[in-house]
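Notes follow the structure.
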There are 2 protein chains.
Amino acid sequence: MPSDTGERPSVRRVTGNKEPEILAAAEREFMSKGFDGARTTSIAEAAGVTHAMLHYYFRTKEQLFYRIIDRKLRLMGESFLMAVEGNPQQPFLHRIETGIGRHFDFMAENPDLPRFVINEILSHPERYTVMQESVRRIVSALTQTLQRELDAAAERGETERMDIRMLMLDIISLNAFTFISYPIIEPIFGDLTGERERFLKMKRAENIETIMRRLRRAQTT
Amino acid sequence: MPSDTGERPSVRRVTGNKEPEILAAAEREFMSKGFDGARTTSIAEAAGVTHAMLHYYFRTKEQLFYRIIDRKLRLMGESFLMAVEGNPQQPFLHRIETGIGRHFDFMAENPDLPRFVINEILSHPERYTVMQESVRRIVSALTQTLQRELDAAAERGETERMDIRMLMLDIISLNAFTFISYPIIEPIFGDLTGERERFLKMKRAENIETIMRRLRRAQTT
DNA sequence: CGCTCTATTAACAATTTTGTTAATTCAAAG
DNA sequence: CTTTGAATTAACAAAATTGTTAATAGAGCG
């Protein structure tokens, strides 16, 4: 019997260790169909093992799912930071500009991450209530720091005065929704087919431009 | 036996007609859990009927689902138009401004519409391939008209020259993602609890401001 | 070789979920 | 009152889905 701690024993693993294959197949299945739509038999089949093997390695569908969603939640956290972190010596506006680009590129590499995470949290909220308070504290501290920086930049006349949470939401909305909606709009915008890269490059510039215009001090006509 | 045409016979409906109750319960269940997570037994229970009744009225889970998703797809279509339609006599900028507000208000009344529709299309694409071509044609015609109007406004120096599809995506992203993400950010932004109205009013103004700044002609400093 | 322990399989089991059916109720029409 | 047909129910059935178990294979070690 495998250990219950979630970590497979690493000694004497001689015959095929199918854990990576199962995890990879599980990621594909869960990401595309969600927890409810995913089938452990499909995952096992895609991984090239019997479904008893899947239960041998992970006991239950839920435990296998936790291994996947855990990584995805971490990635989600990273993506938020990506949009706002950076060298604090650099001008605020410049940091935000590069932050938006980095966040966009991250989304491009994980295009169904936000949809997946949001969905799972909303359809099974009870699983995520434990994390809430710690996340709240981290975000609260981060926004306070950033708000002070933005206030200072506004004081110097570099930017507009605004609520940092609105700005962060604007950035994440423009970037994340691009990828959330892409599979839907790609066929109906039509000429996008096979031009994913070109379209995304264009939208990346568009999102940066939109936020920069929002943030830069408006000329008093 | 009920007719197969999807329309219940309307004569001699004397004993309780439970169709509306089932539809209402189905809408709640499908919207919150998606097709895969929804259970016909839960729907029947919530509607106060036996699950045999549900099958008597709708035969299959899929047919019941189609009744729900059909209305939702229509709503989704409406919401797109909402952002761009308006009296063509009015100045382009002004029409867009009121359009954004109307679109936002529509999203506020249907907060889980975009998430639901996007999810269902992505997790069961085969169900929606039939509509694709007609939708593509409608959108294509609409964007061509709007692009010409925007070009004209840019020619007159009222707006920046830009791709209308980018603009539409910006508007929809800012508005829709506000509601897609709201249930997640509400507890972690913390002080939002019980202040939904205040927050939404603020974000509504923010989205309009963001787009107007994107669209208005930048001063040549 | 024979022991041990992990990996693997096939078969089984329990539960859930969707769907069916035959019998019954009940209001309205004749 | 009887007939009629829709509405309703309980019981059944089939399939899917998750999970278990007992038996076995097979590598490494003494």
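Values reported hereafter were calculated over all heavy atoms of this structure, with side chains retained and with hydrogens, waters and symmetry mates removed. The sequence lines fix the lettering, A, B, ..., with proteins before strands; numbering per chain opens at 1.
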Give the table of side-chain donor-acceptor pairs shorter than 3.5 Å for residues 38-53 of chain B, with sequence neighbours excluded, one pair per line with atom names and distance.
residue: B:Arg39; atom: NH1; partner: B:Asp36; partner atom: O; Å: 3.1
residue: B:Thr50; atom: OG1; partner: B:Met53; partner atom: N; Å: 3.4

Using residues 71-79 of chain B as the side-chain source, report each donor-acceptor pair under 3.5 Å to any protein atom, sequence neighbours left out, with the distance given to one decimal.
residue: B:Arg71; atom: NH2; partner: B:Glu27; partner atom: OE1; Å: 2.8
residue: B:Lys72; atom: NZ; partner: B:Glu27; partner atom: OE2; Å: 2.9
residue: B:Arg74; atom: NE; partner: B:Asp70; partner atom: OD2; Å: 3.4
residue: B:Arg74; atom: NH2; partner: B:Asp70; partner atom: OD1; Å: 3.2
residue: B:Arg74; atom: NH2; partner: B:Asp70; partner atom: OD2; Å: 2.4
residue: B:Ser79; atom: OG; partner: B:Met76; partner atom: O; Å: 2.7

Show the atom names and distances, to 0.1 Å, of all donor-acceptor pairs under 3.5 Å that link a side chain in residues 97-104 of chain A to residues at least two apart or in another chain.
residue: A:Thr98; atom: OG1; partner: A:His94; partner atom: O; Å: 3.4
residue: A:Thr98; atom: OG1; partner: A:Arg95; partner atom: O; Å: 3.1
residue: A:Arg102; atom: NH2; partner: A:Met82; partner atom: O; Å: 3.3
residue: A:Arg102; atom: NH2; partner: A:Glu85; partner atom: O; Å: 3.0
residue: A:His103; atom: ND1; partner: A:Asn175; partner atom: ND2; Å: 2.9

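Near DNA chain C, defined here as any heavy-atom distance below 4.0 Å, there are no residues from residues 21-37 of chain B.
Residue B:Asn17 contributes atom CG, which lies 13 Å from atom C1' of D:dT8 at whole-angstrom precision. Protein atom CD of B:Glu45 is 14 Å distant from nucleotide atom C1' of C:dT17, rounded to whole Å. Between the CE atom of B:Met53 and the P atom of D:dT9 there is a distance of 7 Å, rounded to whole Å. Atom-to-atom, OH of A:Tyr57 to C1' of C:dA7 comes out at 6 Å; the value is rounded to the nearest Å. Between B:Ile43 atom CD1 and C:dT17 atom P there is a gap of 12 Å when expressed in whole angstrom units. For the pair B:Leu54 CG and D:dT9 P, the computed distance is 13 Å after rounding to whole Å. For the pair A:Lys18 NZ and C:dA7 P, the computed distance is 11 Å after rounding to whole Å.
Classification of B:Glu197 and B:Lys201 as a salt-bridged pair fails, no side-chain N sitting under 4.0 Å from a carboxylate O.
Between C:dT9 and A:Thr50, a contact under 4.0 Å exists linking OP1 or OP2 to a side-chain N or O.
Looking at residues two or more places apart in sequence or on another chain, you find a side chain to side chain contact (heavy atoms under 4.5 Å, CB included) between B:Thr143 and B:Val139, B:Ile164, B:Arg165, B:Met168. Checked against salt bridge (Lys or Arg N to Asp or Glu O under 4.0 Å), B:Arg127 has the following partners two or more places apart in sequence or in another chain: B:Glu62. Partners of A:Arg137 under the salt bridge (Lys or Arg N to Asp or Glu O under 4.0 Å) rule, at least two apart in sequence or in another chain, are A:Glu133. Checked against ring pair (Phe, Tyr, Trp, His ring centres under 6.0 Å), A:Tyr128 has no partners two or more places apart in sequence or in another chain. Remark: A:Lys61 engages no residue in a salt bridge (Lys or Arg N to Asp or Glu O under 4.0 Å) (not counting sequence neighbours).
Proximity of B:Ile172 to A:Ser181: side-chain heavy atoms (C-beta onward) are nowhere separated by under 4.5 Å.
Comparing the helix axis at one end of the helix from C:dC1-D:dG30 to C:dG30-D:dC1 with that at the other, each defined from 5 consecutive pairs, gives an inter-axis angle of 10° (nearest 10°).
The residue B:Ala44 sits apart from the nucleic acid: no heavy atom pair falls under 4.0 Å.
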Extract from the structure each pairing of a protein N or O with an N or O of nucleotides 19-23 of chain D at less than 3.5 Å, listing the distance.
residue: D:dG19; atom: OP2; partner: A:Lys61; partner atom: N; Å: 2.8
residue: D:dG19; atom: N7; partner: A:His51; partner atom: NE2; Å: 3.3
residue: D:dG19; atom: O6; partner: A:His51; partner atom: NE2; Å: 2.9

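Legend: ring pair (Phe, Tyr, Trp, His ring centres under 6.0 Å) pairs involving residues 63-84 of chain A, not counting sequence neighbours, sorted by first then second residue: A:Phe30-A:Phe65, A:Phe35-A:Phe65.
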